[in-house]
Amino acid sequence: GENVEQHPSTLSVQEGDSAVIKCTYSDSASNYFPWYKQELGKRPQLIIDIRSNVGEKKDQRIAVTLNKTAKHFSLHITETQPEDSAVYFCAASYPGTGANSKLTFGKGITLSVRP
Amino acid sequence: NAGVTQTPKFQVLKTGQSMTLQCAQDMNHNSMYWYRQDPGMGLRLIYYSASEGTTDKGEVPNGYNVSRLNKREFSLRLESAAPSQTSVYFCASIPPRGTDTQYFGPGTRLTVL
């Protein structure tokens, strides 16, 4: 099955700096790569996603890049703010036998933005 | 729309007790999922249901059973709870077509003593 790894496990940045979180996946058949943000005690919420036919996607201060050859994708957050502090999960989805594919999640990274 | 709802929010069980975690969605979604979240382990898939009447095992199904009661509801049952099942449980669902975005419920925090 799919294996998703996140690096690093924790990241601390100064407010206003950029943060980059990288994930690698193992199954070249994976075709959908979402990023979820989870604040303390809350549910995971999708912040951005990318499909395998696209190399980069941007949404205001957040962007995701995908390198299919190297099997890695990265989350980029620019002009970080204290409210960006949270746990971020990457995931990969590979085609399954059911009506929809299944997500395999990385273990998460704790981002701390220092004011 | 209430989205994805879960009950209860918190539960404490003794080893060997049984209980059912409830999940419901009012978004007409076909696929539903149960995950457990443990510190440092991310989200791990327990069971999923691609459509009403079908269920399949995920990564960590042992000790759990599920029921897809109808299109709206997907329940998770612990027949004989163990301390290793202490975790936060999330239910999620996906719209019928055009996206793989999973919408999560608020979670159930379960402690087994």
Side-chain angles (χ1 to χ4, degrees), chain A residues 1-10 21 23-27 29-54 57 59 64 86-110, chain B residues 2-6 9-10 23 25 27-61 66 68 71 74 88-109:
Chain A
E2 176 64 276
N3 182 45
V4 177
E5 295 189 353
Q6 288 187 241
H7 308 280
S9 59
T10 61
I21 305 168
C23 277
T24 59
Y25 61 98
S26 62
D27 194 330
S30 290
N31 58 5
Y32 173 67
F33 307 92
W35 285 90
Y36 284 82
K37 176 183 180 182
Q38 186 179 32
E39 297 175 352
L40 190 62
K42 302 282 184 65
R43 73 189 79 188
Q45 292 198 304
L46 179 75
I47 54 171
I48 197 167
D49 57 10
I50 192 168
R51 294 198 174 273
S52 57
N53 59 348
V54 176
K57 185 176 178 181
D59 183 4
V64 56
V87 178
Y88 290 82
F89 293 97
C90 61
S93 175
Y94 58 96
T97 56
N100 296 95
S101 54
K102 297 182 293 184
L103 285 178
T104 298
F105 285 84
K107 293 184 178 180
I109 171 179
T110 301
Chain B
V4 181
T5 58
Q6 292 183 235
K9 291 185 179 179
F10 302 94
C23 174
Q25 50 84 16
M27 300 178 285
N28 198 35
H29 290 180
N30 286 339
S31 295
M32 298 183 73
Y33 303 78
W34 275 106
Y35 294 92
R36 61 177 288 172
Q37 184 177 29
D38 303 294
M41 296 297 293
L43 291 148
R44 292 183 293 170
L45 184 63
I46 305 172
Y47 270 94
Y48 68 104
S49 171
S51 61
E52 183 180 353
T54 67
T55 60
D56 284 288
K57 295 179 180 179
E59 179 186 354
V60 288
V66 290
R68 183 72 183 269
K71 190 171 187 179
F74 188 37
V88 180
Y89 292 85
F90 286 100
C91 177
S93 66
I94 285 183
R97 60 179 60 85
T99 176
D100 290 319
T101 302
Q102 293 201 8
Y103 294 86
F104 284 83
T108 294
R109 184 173 294 275

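Since the structure is predicted, the reported quantities are computational estimates derived from the model, not experimental observations. Every heavy atom of this structure was used, including side-chain atoms; hydrogens, water molecules and symmetry mates were not. Order of the sequence lines sets the chain letters (A, B, ...), proteins ahead of strands, with each chain counted from 1.
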Partners passing salt bridge (Lys or Arg N to Asp or Glu O under 4.0 Å) against B/Lys71 (at least two apart in sequence or in another chain): none
Give the intermediate values and the outcome of side chain to side chain contact (heavy atoms under 4.5 Å, CB included) for residues B/Gln102 and A/Tyr36. CA-CA 10 Å; B/Gln102 293 201 8; A/Tyr36 284 82; 3.4 Å; yes
Could you tell me whether the side chain of B/Glu52 and the main chain of B/Arg68 form a donor-acceptor pair under 3.5 Å? no
Quick check on B/Val88 against chain A: is it the side chain, the backbone, both or neither that has a heavy atom closer than 4.5 Å? neither
Please classify the contact between B/Glu59 and chain A as side chain, backbone, both or neither, with a heavy-atom cut-off of under 4.5 Å. neither
Interatomic spacing from OG in A/Ser30 to CG in A/Asn3 - rounded to 0.5 Å: 10.5 Å
Results of ring pair (Phe, Tyr, Trp, His ring centres under 6.0 Å) for B/Tyr35 - residues two or more places apart only: A/Phe105, B/Phe104
Let me know if A/Pro34 has heavy atoms under 4.5 Å from chain B in its side chain, its backbone, both or neither. neither
Check each atom of B/Leu43 against the heavy atoms of chain A and say whether the ones under 4.5 Å are side chain, backbone, both or neither. both
Is A/Gln45 in contact with chain B via its backbone, its side chain, both, or neither, using a 4.5 Å heavy-atom distance? neither
